[in-house]
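Quick notes on the structure that follows.
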Amino acid sequence: VRTHTGAAAGERESGLSLAIVREIVRLHGGRMGVALPEGFDSYETNGPTDAASADAPEYLEYWLELRERVPAEARAYLDAGSELVSSEEPTPAAGQRLPSVQGRRCVLIADANLPRREEQAAVFLEAGYRVIACADGSAALLELKSWADAVSDIDLMLCDVMLPGMDGKALCQAMREDHRLRRLPVLMVSAGAETELERAAYAAGASACLARPLAPTALLSLARNLTELRKQERRVEQELQQAREIQAGLLPAQLPDLPGLRFATRYLPMEAVGGDLYAFPRRASGETAIYLGDVSGHGFPSALLASSTILILSEITRENTSPSEILRELNTATVGRTAWNFVASLCGVVRFDAQSGGRYFEYAMGGIPPFLLIRDGRVSTHIQQGTPPGSFPEARYQMGRVDLEPGDRLFFYTDGVTEAHSAADELFGDERLAALAIVYHRESADRFLDQVLVTLDGWLKSGMIDDDITMLCLDID
């Protein structure tokens, strides 16, 4: 048990926390220790032997005796917050966190009233939880953040609406603004059926609201339900992270190293996995094709089709001679696979013109935004009309061509860039993107793409993208 005194509220510890922990340690035949900050030694003791006959004052005396054994300069730390550890959780070395205990859940209790804190702690301890107790909202937030990156996370917070320093609503809002804490279940407790307080608590992000007095059975039942939901969420989060890593592994591990061409890319899925993709499949002739795709929709269905598209491209590109044939084959391979998904696509290749001695970009498109050619600080847009592969069985694709000069830049992107919404629900649009391309045309491709992302971040209404974003830049030396 970690317990914080209510110094801000003028409280003194009664020793009941120590009594609870001492009894648990006695039953298990273990030892009890005090973990101090870095630079101080930790202390361990068997404690009183006759727990059954001891009352709270005796435990307070024992606590004070133990406290006297600690160096004077460290006592302030003990007054602010101490860690008492049972035999199942050995005393950590200075500055270390307690390791997680397999199968045990952890609850943080934030309440300015000491008797209530101790009563609630006893309920959860008896049910097998680990308990952290804090007397004010600021201390609770510090605890939450200090444990957020640890191996053992806190599973639930029981929080009183009225707290010194930072009230329950402000604490909940601060948690929801921290990506590590925003999914932690919060049980908000108030003095009674205060509808306005409950509304405010839910608006701040509380998972549930309870009115005092708290019935232990109902409290534990709700806590179990919320912690089980959180457990399921963590499992899903882990699976999503694995899926994201798998999908990222299908994207090019490195950019093509081709004479006279310099590539840069940026890929930001809206969710853990995305429906955008890019690839540089090699053709049998030795040429490297450029492919950019955007599967309709979001989430797992789009991500699965995007991943399969990458694998299909690697097969069909080898034998086909032109970008239009590659898209036609891709259409044949994907049409009818789902009733609602298609793959907006661009495929092209940079070629050498034997007659002029220059280079040109030959391409085919279907349903994807026009790409930009930036030359000498001017921008031109290029597009070939075509249906997205996967839409119609008999789709055909026309070829386009752009002659290239040294210093040219080709910029390809998916519609998550131009269709980003501002707080006023205004689209970012083609004109703003073209203006950025002009302003940064002398910068490197990497810096240009980074500036697009920085500008989009300031534009977005929620600070979060509302569609997958993929950008590909090709500079011609």
Side-chain angles (χ1 to χ4, degrees), residues 1-6 16-21 23-24 81-86 88-89 97-163 166 168 171-172 174-176 178 180-190 201 204-234:
V1 175
R2 174 185 299 164
T3 176
H4 285 270
T5 64
L16 186 56
S17 288
L18 187 63
I20 294 169
V21 178
E23 182 63 10
I24 294 171
S82 61
E83 299 197 23
L84 301 178
V85 274
S86 74
E88 291 183 86
E89 297 181 274
R97 282 284 171 203
L98 297 175
S100 64
V101 178
Q102 188 67 29
R104 292 182 65 193
R105 292 158 295 183
C106 181
V107 60
L108 185 147
I109 298 172
D111 195 315
N113 184 281
L114 175 60
R116 284 202 304 260
R117 281 204 314 274
E118 303 292 6
E119 181 182 354
Q120 293 160 5
V123 170
F124 282 101
L125 283 168
E126 187 176 355
Y129 285 77
R130 290 181 296 127
V131 174
I132 300 172
C134 297
D136 64 80
S138 299
L141 185 60
L142 287 174
E143 284 294 337
L144 289 167
K145 289 185 175 182
S146 69
W147 281 83
D149 295 322
V151 175
S152 173
D153 289 337
I154 294 168
D155 299 286
L156 173 73
M157 183 172 75
L158 181 68
C159 175
D160 194 76
V161 171
M162 306 302 293
L163 287 171
M166 174 186 285
L171 172 58
C172 203
M175 290 171 58
R176 299 316 179 211
D178 188 322
R180 302 167 302 171
L181 304 175
R182 64 168 56 111
R183 294 187 179 276
L184 180 69
V186 177
L187 273 172
M188 195 78 76
V189 181
S190 62
S207 307
C209 292
L210 294 174
R212 288 193 294 269
L214 302 178
T217 302
L219 174 61
L220 287 175
S221 177
L222 186 53
R224 276 192 291 267
N225 289 340
L226 288 173
T227 53
E228 183 60 29
L229 284 173
R230 179 63 187 134
K231 181 180 176 182
Q232 297 299 328
E233 278 187 351
R234 281 177 176 159

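- Of the possible polar contacts, one joining the S207 side chain to the V186 backbone as a donor-acceptor pair under 3.5 Å is found.
- A 4.5 Å side-chain heavy-atom check between L229 and P185 finds every atom pair outside the cut-off.
- Of all the heavy atoms in L220 and A127, the pair that sits closest is CD2-CB, 3.7 Å.
- In this structure, the separation between CG on L181 and CE on M157 is 9.0 Å, given to the nearest 0.5 Å.
- Side-chain N or O atoms of R105 include none that pairs as donor or acceptor with a backbone N or O of D155 at under 3.5 Å.
- One distance of note links CG of D178 with CG of L144; it measures 9.0 Å at 0.5 Å rounding.
- Side-chain contact between T227 and V107: absent, with no pair of heavy atoms (C-beta onward) separated by less than 4.5 Å.
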Just do the side chain to side chain contact (heavy atoms under 4.5 Å, CB included) check on L214 and R116 with the steps written out, would you? CA-CA 10 Å; L214 302 178; R116 284 202 304 260; over 6 Å; no
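- Remark: R130 CZ to L125 CG distance equals 11.0 Å, nearest 0.5 Å.
- C159 and G168 make their closest contact through SG-CA, 3.6 Å (heavy atoms, listed as atom of the first residue, atom of the second, distance).
- We find the CG-CG distance between L222 and L187 to be 4.5 Å, quoted to the nearest 0.5 Å.
- Surrounding CD of E233 are more than 12 heavy atoms belonging to other residues, nucleotides or ligands, all under 6.0 Å away.
- Inter-residue side-chain proximity for L219 and F124 is flagged as met; some heavy-atom pair is nearer than 4.5 Å.
- The shortest side-chain heavy-atom distance between I109 and E119 does not fall under the 4.5 Å cut-off.
- Scanning both residues, G137 and L171, for their nearest heavy atoms gives O-CD1, 3.7 Å.
- Counting heavy atoms from C-beta on, the side chains of D111 and V189 never come closer than 4.5 Å.
- The minimum heavy-atom distance between R117 and A135, with the atom names listed, is NH1-CB, 3.4 Å.
- Across every non-hydrogen atom of M175 and L184, the tightest pair is CE-CD2, 3.6 Å.
- Using a distance-only test at 3.5 Å, with no hydrogens or angles considered, a donor-acceptor pair links the side chain of D136 to the main chain of A139.
- Crowding of R183 atom CZ: a count of heavy atoms from other residues, nucleotides or ligands under 6.0 Å not exceeding 12.
- The side-chain contact (heavy atoms from CB on, under 4.5 Å) test with E228 singles out one residue from R230, K231, R224, and that residue is K231.
- Taking every heavy atom of both residues into account, L156 and I154 meet most closely at O-CG2, 3.4 Å.
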